Chemist: 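Take this structure, written in structure tokens, and hold onto it; I'll ask about it next.
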Amino acid sequence: MSIVDELDIQKLPTHIAIIMDGNGRWAKKQGKLRVFGHKNGVKAVREAVESAADLGIKYLTLYAFSTENWNRPKHEINALMKLFVSTINKETETLLKNNIRLSAIGNLSSLPTKAYKELKETMERTANNTRMQLNLALSYSSRWELTEAMKSIAEKVQKHELEPDSIDEGLLSRHLNTADMPDPELLIRTSGEYRISNFLLWQIAYAELYFTDKLWPDFEKEDLYRAIYAYQNRERRFGKTSEQINTG
Ligand code: FPP
């Protein structure tokens, strides 16, 4: 029996974000190079995308490459970029067939030209798809995103397009890369690490956090269902008391 039968389809999170971690350790455990782990991580990406779309999740954000990942050995960075290009290229038809829109957040102009072009082309080709939005965080860090938002707001104030008094939470949200997405209600991290690692710091203010020891290449559909099950069995209080929540 699968835990999917226990899920309440009326109470699904709209947006799930995942920190895919543990590819390197997964490869090392088998005496293989780290890149082997990343290649197998793509299979887990497919599982997550397919199961999320089948359930009816509307937004799935995957942390694929952080700003800090640029500090990895050059050969690993090159292999990862190549993998992004080939995966996006291979999967574009599947995304189109399944009505899935590809989007990306992060400092995309810092990506190698080939990766940027491939990504942009698939984003454009899938722009009208409506079943689910698959959002890749690439060369992304939350502090970078917030800094960019502050700069853009400051410029508008300087040009008198904006009054400082009109700056509120909504305005800041609209200046983030995720402006057109709801905040994630559920954040999953694999590989037994209990960190957020500069990911969606503003957007996860009220997200439920779910950690699993599974290394990313071993992450299967059932693991996503388990995370959603845990989410559905938590009480989301948003600062209120339990009594307030339960009496409406
Ligand atoms: C973290 O594991 C994983 C990454 C930095 C890369 C994730 C990329 C993929 C799974 C490929 C996905 C492709 C697309 C198109 C989305 P790690 O290397 O930090 O592992 P470790 O913590 O064990 O060293």
Side-chain angles (χ1 to χ4, degrees), residues 16-53 57 59-96 98 100-108 110-112 114-123 125-126 132-142 187-200 211-221 223-224:
I16 299 178
I18 308 183
I19 302 177
M20 312 181 286
D21 196 13
N23 292 350
R25 275 165 285 164
W26 186 89
K28 206 171 162 196
K29 264 176 45 182
Q30 327 192 21
K32 298 267 176 42
L33 296 174
R34 298 176 55 81
V35 176
F36 183 70
H38 297 315
K39 285 189 179 153
N40 280 274
V42 175
K43 282 189 209 150
V45 168
R46 236 178 261 127
E47 291 254 324
V49 173
E50 210 179 289
S51 46
I57 303 298
Y59 299 84
L60 178 67
T61 296
L62 303 178
Y63 205 2
F65 195 85
S66 72
T67 308
E68 291 76 19
N69 285 153
W70 291 114
N71 297 320
R72 290 197 173 191
K74 203 157 172 33
H75 65 87
E76 183 173 342
I77 296 175
N78 290 343
L80 269 170
M81 293 300 149
K82 256 176 125 173
L83 191 61
F84 294 145
V85 173
S86 67
T87 306
I88 294 168
N89 187 280
K90 255 190 247 158
E91 302 296 338
T92 301
E93 287 311 315
T94 315
L95 294 175
L96 286 166
N98 287 282
I100 297 171
R101 174 180 170 193
L102 184 74
S103 62
I105 54 172
N107 187 5
L108 304 182
S110 68
L111 295 173
K114 209 165 169 204
Y116 179 71
K117 267 193 177 161
E118 192 68 46
L119 182 68
K120 201 161 164 267
E121 196 187 309
T122 302
M123 289 198 295
R125 286 185 66 195
T126 60
M132 185 178 84
Q133 186 165 332
L134 169 61
N135 182 39
L136 298 181
L138 283 166
S139 191
Y140 174 87
S141 87
S142 200
L187 171 72
I188 301 170
R189 182 173 189 145
T190 58
S191 93
E193 305 286 355
Y194 303 95
R195 283 190 296 277
I196 304 301
S197 300
N198 216 346
F199 189 45
L200 303 175
F211 299 97
T212 165
D213 285 340
K214 278 263 180 112
L215 301 175
W216 179 250
D218 289 330
F219 192 85
E220 300 171 314
K221 293 187 175 177
D223 295 303
L224 185 79

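If you read the sequence from its start, that first residue is 1, and numbering goes on from there. Counting convention: from 1, in listed order, for ligands and their atoms alike. Computed from a predicted model, the values in this text were never measured in an experiment.
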Chemist: Under 4.0 Å from a heavy atom of N69: give me the atoms of ligand 1 that qualify, with their elements.
Modeler: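 Close to N69: 5 (C).
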Chemist: Considering only the protein, which heavy-atom contact is closest to atom 6 (C) of ligand 1, and what is its distance?
Modeler: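 It is A64 O, 3.4 Å.
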Chemist: Answer yes or no for S191: is there a heavy-atom contact with ligand 1 below 4.0 Å?
Modeler: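 It does not; every heavy atom stays at 4.0 Å or beyond.
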Chemist: Report yes or no: do S139 and S110 form a side-chain donor-acceptor pair below 3.5 Å?
Modeler: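 S139 vs S110: donor-acceptor pair found between side chains.
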Chemist: Are D21 and ligand 1 in contact, using a heavy-atom cut-off of under 4.0 Å?
Modeler: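 Judged by the 4.0 Å heavy-atom criterion, D21 does count as contacting ligand 1.
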Chemist: Check L187, I188, L62 against I19 for a side chain to side chain contact (heavy atoms under 4.5 Å, CB included) and give me the one that passes.
Modeler: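 Testing each of L187, I188, L62 against I19, the sole residue satisfying side chain to side chain contact (heavy atoms under 4.5 Å, CB included) is L187.
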Chemist: I'd like to check which ligand 1 atoms, numbered from 1 as shown, lie under 4.0 Å from a non-hydrogen atom of R72.
Modeler: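 Counting atoms of ligand 1 from 1, those under 4.0 Å from R72 are 5 (C), 17 (P), 18 (O), 19 (O).
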Chemist: Are the side chain of N78 and the backbone of H75 linked by a donor-acceptor contact shorter than 3.5 Å?
Modeler: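 Looks like no, no N/O pair under 3.5 Å.
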Chemist: Does N23 reach ligand 1 with a nitrogen or oxygen that is under 3.5 Å from one of the ligand's nitrogen or oxygen atoms?
Modeler: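 N/O-N/O distance under 3.5 Å: yes.
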Chemist: Minimum heavy-atom separation for K214 and T190, please, with both atom names.
Modeler: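 Between these two residues, the closest heavy atoms are O-CB, 3.1 Å.
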Chemist: Under the side-chain contact (heavy atoms from CB on, under 4.5 Å) rule, what do K28 and L33 come out as? Steps first, then yes or no, please.
Modeler: CA-CA 6 Å; K28 206 171 162 196; L33 296 174; over 6 Å; no
Chemist: Starting from atom 12 (C) of ligand 1, what is the nearest protein heavy atom, named by residue and atom, and what distance separates them?
Modeler: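 It is V45 CG2, 3.8 Å.
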Chemist: When you look at N135 and L60, which way does the side-chain contact (heavy atoms from CB on, under 4.5 Å) test go after all the steps?
Modeler: CA-CA 6 Å; N135 182 39; L60 178 67; over 6 Å; no
Chemist: Should the pair E93-R125 be classified as a salt bridge under the 4.0 Å nitrogen-to-oxygen rule?
Modeler: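 A salt bridge is present here (some side-chain N lies under 4.0 Å from a carboxylate O).
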Chemist: Which ligand 1 atoms, with their elements, are less than 4.0 angstrom from a heavy-atom of F84?
Modeler: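 Result: 13 (C), 14 (C), 15 (C).
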Chemist: Any nitrogen or oxygen of V42, main chain or side chain, under 3.5 Å from a nitrogen or oxygen of ligand 1?
Modeler: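 Looking only at distances, the answer is no, because the N/O contact criterion of under 3.5 Å is not met.
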Chemist: Quick one: which ligand 1 atoms are inside 4.0 Å of a heavy atom on G41?
Modeler: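 Every atom of ligand 1 under 4.0 Å from some heavy atom of G41: 10 (C).
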Chemist: Does an N or O from W216, backbone or side chain, lie closer than 3.5 Å to an N or O of ligand 1?
Modeler: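 W216 vs ligand 1: no N/O contact under 3.5 Å.
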Chemist: Using modelled atom types and a 3.5 Å cut-off, is there a donor and acceptor pairing between side-chain atoms of Y63 and backbone atoms of R189?
Modeler: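 Side chain of Y63 to backbone of R189: no pair is present.
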Chemist: Checking side-chain polar atoms at under 3.5 Å, does N40 have a donor or acceptor matched by the opposite partner on W26?
Modeler: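 Side chains of N40 and W26: no pair found under 3.5 Å.
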Chemist: In terms of side-chain geometry, is the basic nitrogen of K221 or E47 positioned less than 4.0 Å from the acidic oxygen of its partner?
Modeler: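 Here K221 does not pair with E47 in a salt bridge, since their nearest N and O are not under 4.0 Å apart.
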Chemist: What protein heavy atom sits nearest atom 1 (C) of ligand 1, and how far away is it?
Modeler: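 I find the closest protein heavy atom is M20 O, 3.1 Å.
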Chemist: Under 4.0 Å from any heavy atom of L136, which atoms of ligand 1 are there?
Modeler: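 Checking each atom against L136, I get 16 (C).
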Chemist: Return yes or no for this condition: an N or O of R25 is under 3.5 Å from an N or O of ligand 1.
Modeler: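 There is such a contact, yes.
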Chemist: Give the contacting part of E193 toward ligand 1: side chain, backbone, both or neither, where contact means a heavy-atom distance below 4.0 Å.
Modeler: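 Within the 4.0 Å criterion, E193 makes no contact with ligand 1.
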